[in-house]
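Just so we're clear, the structure is a prediction, and the values are computed from it rather than from any experiment. In what follows, every heavy atom counts, from backbone to side chain, and hydrogens, waters and symmetry copies are set aside.
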Amino acid sequence: MQTTKNVLVEIEDLKVEFRLHEGTVHALEGVSLRIPQGRTLGVIGESGSGKSVTAQAIMGIIPSPPGKIVQGRVRLYLPENGSERVVDVTELPPNGAEIRQIRGKEISMIFQEPMTSFSPVHTIGDQIMEAIRIHYPEVSKKEARERTIEMMRRVGIPRPEQRVDAYPFQFSGGMRQRAMIAMALICHPRLVIADEPTTALDVTIEAQILELLQDLQKEFGMSIMYISHDLTVVGGIADEVVVMYLGLVMEQAATDELFDNPLHPYTQALWRSIPTIDGELERLSPIRGALPSPFAVHKGCPFYSRCEKRIPGVCEVSRPPMIEVRPNHWVRCFLYSE
Amino acid sequence: MLVYIIRRLIMLIPILFLVSFIAFFVIELPPGDWMTTYVSQLRASGIELSEQEAQRLSELYGFDQPMYARYLKWVQGIVLRGDFGWSFQWGKPVSEVIAERLPVTLAISLMALIFSWLIAIPIGIYSATHQYSFVDYLATFIGFIGLATPGFLLALILAWAVYEFFGFSALGLHSREYLDAPWSVAKVLDMLKHMILPLVIIGMSSAGSIIRVLRANLLDELKKQYVITARCKGMSEIQLLFKYPVRLALNPVFSTIGWLLPAIFAGEVLISIVLSVPSIGPLLLRSTLAQDTYLTGSIVLILSALTIFGTLLSDIYLAWADPRIRYGGLSR
């Protein structure tokens with residue numbers, strides 16, 4: 001893996017539990033990953049795989065209660081005056097001044113639902129410029145407004161001088177997501193976490209939004225953590241991909257490597273479940289079985305119950321370690337252990 | 001927006017006519033009228049009253065005319081001269097009877113309203129943001145008591161308790177020694193002291209429901225995605241709370257101002273009767289029992305007008321507070 005020099009976020013052995021009435025959900029069971037500077041990390045996983053919880057952990061917004069970080073570190077490496085400031089998010093008091101300094105300014109987030117992510121009774125402009133008003137109180141209201149209009153223009157919202165005073169319900173879904181991106185980028189953060197930002201959109205709009213994100217990354221140089229269940233989308237935008245399943249990272253590699261050489265049975269099964277345009281016409285094969293109960297506790301590999309290559313007596317007994325099978329290609333599977 | 005308001009105000013006029021007619025009609029429904037009651041009262045007290053004399057009295061007060069004629073005369077007086085008619089029971093013009101009681105009624109109602117908001121809104125917000133905490137349970141408990149206990153019962157209990165423990169009779173508006181005394185600072189202070197109890201009791205009963213409504217709404221709003229969006233911008237929790245969810249959660253509270261307006265005018269009838277507060281509510285009850293047509297009709301008419309006007313106020317508030325309503329109306 002990389003040296004800390006070009007790493008922005010480093011998550012180490014993170015365990016998060018949600019203690020609910022019905023029982024405890026082990027949302028993250030020891031997740032480790034790194035987000036490189038200025039690049040895009042794709043996170044793939046089904047619902048319940050812990051991808052959103054990982055994002056929430058970076059932002060320090062895991063709802064608590066019932067959520068609780070049981071163990072692990074979330075380190076941010078923030079360049080500051082030529083040196084580097086290291087912040088461990090898990091040690092900061094939730095919603096305290098320190099973490100609030102980071103939210104919106106260093107890290108921001110784009111959500112899946114552009115409809116509900118805006119307050120219906122405040123103007124789009126007001127909600128975008130809010131982050132400037134919070135983090136740069138010395139900036140005048142007029143200046144903040146101008147920056148907002150500029151950013152709205154940059155993300156492709158037509159007539160931003162007028163639209164800045166419009167309300168969210170006057171925007172289409174695609175425009176709202178552009179406004180959401182403008183809101184996330186307004187303070188030029190180092191990391192943008194995009195949590196399924198295009199799931200609620202049409203395919204054509206989705207393509208536009210993805211292209212916009214890539215353009216903006218080239219321009220501003222921020223890192224992107226792109227969370228999705230859609231393999232093709234992640235393959236198109238990410239430099240590196242992490243595959244998650246039930247709170248564990250199963251496989252991690254550069255995008256091309258992962259798509260050419262999926263090693264984990266889960267990743268392979270995922271690949272078989274997506275249609276290809278140029279491939280032979282064949283039946284798609286869904287992953288057999290169903291996602292285990294969220295309350296289940298897995299002593300061994302969490303994919304054991306659905307795996308086609310499982311080794312009885314091995315896989316369900318103890319948790320497989322992460323193994324570097326090829327350079328920078330890591331897999332959590334006993335098939336590749338010596 | 002202005003056009004909308006004017007249009008709504010114009011629409012008030014036919015509605016008020018309709019309401020006034022219905023009010024008048026309903027009061028006339030029971031057999032007999034004030035005059036028959038009066039005549040039988042006179043006879044019961046031993047006064048010899050000939051049929052002729054009764055007939056003369058009836059004509060004098062216009063009871064010989066058919067209902068529609070009396071109605072038209074009444075409405076004519078209101079529209080042309082602002083004259084609401086004559087109260088037989090009180091032997092005075094209706095407007096005078098109402099005016100005598102209006103200041104006290106308004107003072108108590110408005111103060112109770114503000115009192116209930118001052119109590120209920122902070123408690124409601126705290127309850128929702130600290131759900132299932134001790135204070136939340138306590139507020140819920142008190143809120144349910146406020147909701148479930150009839151106001152007059154609370155009034156009886158508290159009036160007794162205040163007398164028992166403080167030796168202070170909270171009934172009426174004035175202590176006996178000030179009843180006929182000219183207005184002075186001491187008399188005003190004495191009156192304010194008497195107003196505390198009705199104020200607290202009336203305030204309590206509405207505070208209970210406001211706490212419940214606000215808490216439920218705010219809990220809903222707090223779960224919404226835009227709250228998380230705002231948090232992700234680095235907003236402090238308290239800033240965030242008041243800018244977004246509280247603002248939306250308060251809408252239902254303020255949009256019921258329309259229904260509060262008539263309540264403010266009438267005051268709480270039962271509580272006022274129990275505490276012998278001379279407000280308009282008990283007046284309405286007594287005038288109805290006595291079939292004092294014009295007084296009852298006028299109060300009902302004013303209450304209806306205030307209801308309609310209050311609804312208009314609520315609508316204007318909602319349009320102002322929620323752009324979706326504002327722009328939705330314009331595009332049509």
When you compare the side chain of [Y] with that of [X], does any pair of heavy atoms fall below 4.5 Å?
X	Y	answer
Thr123(A)	Pro323(B)	no
Gln127(A)	Lys233(B)	yes
Thr229(B)	Met180(A)	yes

Please say whether more than 12 non-hydrogen atoms of neighbouring residues, nucleotides or ligands are located less than 6.0 Å from [atom1] in [X].
X	atom1	answer
Phe254(B)	CZ	yes
Phe17(B)	CZ	no
Gln239(B)	CD	yes

Which one, [options], leads in non-hydrogen pairs under 4.5 Å with chain B?
options	answer
Ser117(A), Gly104(A), Ala97(A)	Ser117(A)
Met115(A), Gln56(A), Lys105(A), His135(A)	His135(A)
Glu130(A), Met109(A), Met59(A)	Glu130(A)
Ile107(A), Ile102(A), Ile99(A), Asp126(A)	Asp126(A)

Sort out for me which of Glu237(B), Glu221(B), Lys224(B) touches chain A most, counting heavy-atom pairs under 4.5 Å.
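Most heavy-atom pairs within the cutoff with chain A belong to Glu237(B).
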Quick check for you: to the nearest 0.5 Å, what is the distance between Met235(B) atom CE and Asn95(A) atom CG?
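Met235(B) atom CE to Asn95(A) atom CG measures 12.5 Å (nearest 0.5 Å).
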Distance in Å, Lys243(B) NZ paired with His122(A) NE2, rounded so as to fall on 0.5 Å steps:
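It comes to 5.0 Å.
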Heavy-atom distances under 4.5 Å only: say whether Phe118(A) touches chain B with side chain, backbone, both or neither.
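The backbone, not the side chain.
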Taking all heavy atoms of Tyr226(B) and all of Ser119(A), pick out the closest pair and write down the distance.
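In this case the closest contact between Tyr226(B) and Ser119(A) is CB-N, 3.6 Å.
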Over all heavy atoms of both residues, which pair between Pro120(A) and Leu248(B) is shortest? Give the atoms and the distance, please.
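Minimum heavy-atom contact is CG-CD2, 4.1 Å.
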